[in-house]
There are 2 protein chains.
Amino acid sequence: MEKNIVDILKKNQLSITDSRKKILSLFVQSNGALAHADIEHQSGTEFDRVTIYRTLQTFVDKGIIHTIPTTDNSVRYALCKDDCSAGHHHDDHVHFMCDNCGTTYCLDHITVPAVKLPKGFKVTQTDVVVSGVCNNCNN
Amino acid sequence: MEKNIVDILKKNQLSITDSRKKILSLFVQSNGALAHADIEHQSGTEFDRVTIYRTLQTFVDKGIIHTIPTTDNSVRYALCKDDCSAGHHHDDHVHFMCDNCGTTYCLDHITVPAVKLPKGFKVTQTDVVVSGVCNNCNN
DNA sequence: AATGCAATGCAACGGCGTTGCAAAACAAAT
DNA sequence: ATTTGTTTTGCAACGCCGTTGCATTGCATT
Ligand SMILES: [Mn+2]
Ligand SMILES: [Mn+2]
Ligand SMILES: [Zn+2]
Ligand SMILES: [Zn+2]
């Protein structure tokens with residue numbers, strides 16, 4: 001869906017460049033989250049790594065992708081399927097990391113549970129990261 | 001409690017060294033989690049930063065401290081108050097990061113909720129990181 | 001086609017975490 | 001207390017990650 005990719009960029013008032021088209025298409029095709037290294041690898045020497053960093057940051061700012069907290073503290077990104085916009089992310093779903101294949105999934109339909117905190121604590125965001133074996137590896 | 005510190009080290013079959021005593025005492029005194037930089041700062045030029053890295057790793061291996069997943073993907077450590085031992089951590093409590101003062105807390109009495117996952121996913125660990133304003137800043 | 005502005009590539013930098021190795025410190029035995 | 005073997009430490013070096021400044025290129029608009 002080359003068309004679809006361009007539409008997403010236009011809708012977010014981003015100019016259409018090769019790197020943005022390529023990187024965004026990688027996210028659309030992928031079913032799991034992508035790290036900077038994944039993108040660098042999958043796009044060969046096509047783009048400078050700085051461009052990848054900047055493109056990822058732009059996409060996050062625009063609400064096109066969101067960062068995912070991980071237990072191995074690496075930075076991963078995935079498409080926002082929620083109604084995210086510039087400066088307002090609403091990706092309140094559970095994330096899953098497979099210990100076997102390393103894939104990180106957005107479980108978009110599993111919303112994070114409410115956590116009761118001690119008096120005096122004000123909650124603004126809750127992140128849930130589940131580790132284990134994914135349905136793809138579990139057969 | 002100089003005595004207490006040494007006891008913990010002995011109980012874990014670790015030789016008693018200046019760096020281990022110092023670093024462990026920092027954790028015992030602190031009410032929040034510590035990053036490598038915090039320890040480096042609070043111990044001045046007393047120890048090489050490599051020693052701090054190795055000491056932290058040793059403590060994690062022994063089940064004395066545990067790592068804490070954070071949303072800003074920095075590495076933080078805190079004392080295990082649960083019955084953790086070498087190779088077997090059981091720190092299934094919620095962690096809280098204050099957006100205001102930056103402190104990361106172990107909410108030892110708040111256990112992580114069970115999360116229902118789609119069929120085929122096997123859960124081995126669940127991490128919950130809550131962000132917001134802590135009870136110390138909220139006054 | 002020309003213009004103004006935004007994005008990219010390149011080079012350099014600082015910070016983080018790791019590794020190898022020699023020196024120092026520790027624990028156990030004499 | 002001294003010796004001995006083992007563990008820990010400090011130092012140096014390295015690679016990786018993410019950032020920044022700046023000149024060049026590419027994009028969108030007229
Ligand atoms: Mn997600
Ligand atoms: Mn904890
Ligand atoms: Zn898997
Ligand atoms: Zn606070």
Side-chain angles (χ1 to χ4, degrees), chain A residues 2 5-26 33-62 64-77 86 102 104, chain B residues 2 5-26 33-62 64-77 86 102 104:
Chain A
E2 161 80 19
I5 301 293
V6 172
D7 285 347
I8 295 175
L9 292 175
K10 280 185 180 170
K11 189 169 61 187
N12 287 278
Q13 302 164 35
L14 292 173
S15 53
I16 315 300
T17 68
D18 289 347
S19 60
R20 285 174 179 167
K21 279 190 288 185
K22 176 67 177 180
I23 294 173
L24 183 50
S25 71
L26 288 178
L34 297 175
H36 178 277
D38 297 326
I39 296 167
E40 199 169 355
H41 186 257
Q42 290 184 42
S43 59
T45 67
E46 204 169 347
F47 311 111
D48 193 88
R49 62 195 190 92
V50 178
T51 299
I52 299 175
Y53 281 117
R54 290 196 267 228
T55 302
L56 289 171
Q57 189 55 54
T58 300
F59 286 176
V60 170
D61 291 342
K62 288 292 187 177
I64 299 173
I65 61 176
H66 61 280
T67 59
I68 299 177
T70 57
T71 51
D72 63 351
N73 77 288
S74 61
V75 187
R76 308 219 173 179
Y77 304 86
T104 300
Chain B
E2 162 80 19
I5 300 293
V6 172
D7 284 347
I8 295 175
L9 292 175
K10 280 185 180 167
K11 188 169 61 188
N12 287 277
Q13 303 164 36
L14 292 173
S15 53
I16 315 300
T17 68
D18 289 346
S19 60
R20 285 174 180 168
K21 279 191 289 186
K22 177 68 176 179
I23 294 173
L24 183 51
S25 71
L26 288 178
L34 297 175
H36 178 276
D38 297 326
I39 295 168
E40 199 169 355
H41 187 255
Q42 290 185 40
S43 60
T45 67
E46 205 170 345
F47 312 110
D48 192 90
R49 63 194 190 92
V50 178
T51 300
I52 298 175
Y53 280 116
R54 290 196 268 228
T55 303
L56 289 171
Q57 189 55 54
T58 300
F59 286 176
V60 170
D61 291 343
K62 288 292 188 177
I64 299 173
I65 61 178
H66 61 280
T67 58
I68 299 178
T70 58
T71 50
D72 62 353
N73 75 290
S74 61
V75 187
R76 308 219 172 177
Y77 303 86
T104 300

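Naming convention: chains lettered A, B, ... in sequence-line order (proteins, then strands); numbering from 1 in each chain.
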Trainee: Heavy atoms, side chains only, cut-off 4.5 Å: are A/Leu34 and A/Gln42 in contact?
Mentor: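 A/Leu34 reaches A/Gln42 side chain to side chain.
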Trainee: Is it the case that the base of D/dG10 and the side chain of B/Arg49 share a donor-acceptor contact (distance under 3.5 Å, atom types as modelled)?
Mentor: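 No, the side chain and the base share no sub-3.5 Å donor-acceptor pair.
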Trainee: Would the distance check show the side chain of A/Ser43 and the main-chain N or O of A/Ile39 forming a donor-acceptor pair, the cut-off being under 3.5 Å?
Mentor: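 Flag set: sc A/Ser43 to bb A/Ile39 pair under 3.5 Å.
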Trainee: Tell me whether the OP1 or OP2 atom of C/dA25 has a side-chain N or O from B/Ser15 closer than 4.0 Å.
Mentor: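 For B/Ser15, the contact criterion (side-chain N or O under 4.0 Å from OP1 or OP2 of C/dA25) is not met.
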Trainee: Could you tell me the separation between the CD1 atom of A/Ile23 and the P atom of C/dT8, rounded to a whole number of Å?
Mentor: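 To the nearest whole Å, that distance equals 8 Å.
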Trainee: I want to confirm an ordering. Mapping B/Val50 and A/Val75 to their closest nucleotides on DNA chain D, which one lands closer to the 5' end?
Mentor: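 Final value for this comparison: B/Val50.
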Trainee: Counting side-chain heavy atoms from CB outward, which of D/dG18, D/dG21, D/dG10 is closest to B/Phe47?
Mentor: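 Selected nucleotide: D/dG10.
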Trainee: Taking the side chain as C-beta and beyond, is there a heavy-atom pair between A/His41 and A/Asp38 under 4.5 Å?
Mentor: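 A side-chain contact is absent here, since even the closest heavy-atom pair is not under 4.5 Å.
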Trainee: Do any side-chain nitrogens or oxygens of B/Thr17 fall under 4.0 Å of OP1 or OP2 in D/dT8?
Mentor: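 Looking at the OP1 and OP2 atoms of D/dT8, neither is under 4.0 Å from any side-chain N or O of B/Thr17.
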Trainee: Counting the atoms with a prime plus P, OP1 and OP2 as sugar-phosphate, which does A/Glu46 contact under 4.0 Å by heavy atoms, base, sugar-phosphate, or nothing?
Mentor: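 A/Glu46: backbone/sugar contact only, no base atoms under 4.0 Å.
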Trainee: Rounding to a whole Å, what distance do you find between B/Tyr53:OH and D/dG10:C1'?
Mentor: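 For the pair B/Tyr53 OH and D/dG10 C1', the rounded distance is 15 Å.
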Trainee: So for B/Arg54 and D/dG10, does any side-chain atom that can act as donor or acceptor lie under 3.5 Å from a complementary atom in the base?
Mentor: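 Yes, the side chain and the base share a sub-3.5 Å donor-acceptor pair.
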Trainee: Can you see which heavy atom on B/Phe59 is nearest to which on B/Arg20, and at what distance?
Mentor: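 Where B/Phe59 meets B/Arg20 most closely, the heavy atoms are CZ-O, 3.8 Å.
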Trainee: Could you tell me how far apart A/Leu56 (CG) and C/dA7 (P) are, to the nearest whole angstrom?
Mentor: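 Spelled out: CG on A/Leu56 to P on C/dA7 is 15 Å.
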Trainee: Specify the separation, in whole Å, of atom CG of B/Asn73 and atom P of C/dC16.
Mentor: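 Result: 12 Å.
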Trainee: Which part of the nucleic acid does A/Thr58 contact within heavy-atom distance under 4.0 Å: base, sugar-phosphate only, or nothing?
Mentor: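 Since no nucleic acid heavy atom lies under 4.0 Å of A/Thr58, the category is nothing.
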Trainee: Starting at atom CG of B/Leu9, determine the distance to atom P of C/dC26, rounded to an integer number of angstrom.
Mentor: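 Interatomic distance, CG of B/Leu9 to P of C/dC26: 12 Å.
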Trainee: Answer yes or no: does a side-chain N or O of B/Arg20 lie under 4.0 Å from OP1 or OP2 of D/dT8?
Mentor: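 Checking D/dT8 against B/Arg20, a side-chain N or O does come within under 4.0 Å of OP1 or OP2.
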Trainee: Please report, rounded to the nearest Å, how far the P atom of C/dT18 is from the CG atom of A/Asp72.
Mentor: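 Whole-Å distance recorded here is 13 Å.
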Trainee: Picking from D/dG10, D/dA28, D/dT19, which would you name as closest to the side chain of B/Thr51?
Mentor: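 Taking heavy atoms from C-beta onward, the closest nucleotide is D/dG10.
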Trainee: So which nucleotide from C/dC10, C/dC26, D/dG18 ends up closest to the side chain of B/Asp18?
Mentor: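 Closest nucleotide to the B/Asp18 side chain: C/dC26.
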Trainee: Taking atom C1' of D/dT8 as reference, at what distance in whole Å does atom CD of B/Gln13 sit?
Mentor: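 Atom-to-atom, B/Gln13 to D/dT8, this comes out as 17 Å.
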Trainee: Under a 3.5 Å cut-off for both distances, is D/dT30 Watson-Crick or wobble paired, and to whom?
Mentor: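 Paired with C/dA1.
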Trainee: Return the nearest nucleotide to the side chain of A/His36; candidates are D/dG18, D/dT20, C/dT8.
Mentor: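 The listed nucleotide nearest to A/His36's side chain is D/dG18.
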Trainee: I'd like to know whether the aromatic ring centres of A/His66 and A/Tyr77 sit less than 6.0 Å apart in this structure.
Mentor: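 A/His66 vs A/Tyr77: aromatic centres not under 6.0 Å.
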Trainee: If you look at every heavy atom in A/Gly102 and A/Arg76, which pair is closest and at what distance?
Mentor: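 Where A/Gly102 meets A/Arg76 most closely, the heavy atoms are O-NH1, 2.9 Å.
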Trainee: Between C/dA6 atom P and A/Ile16 atom CD1, what is the distance in whole Å?
Mentor: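 The answer, rounded to whole Å, is 15 Å.
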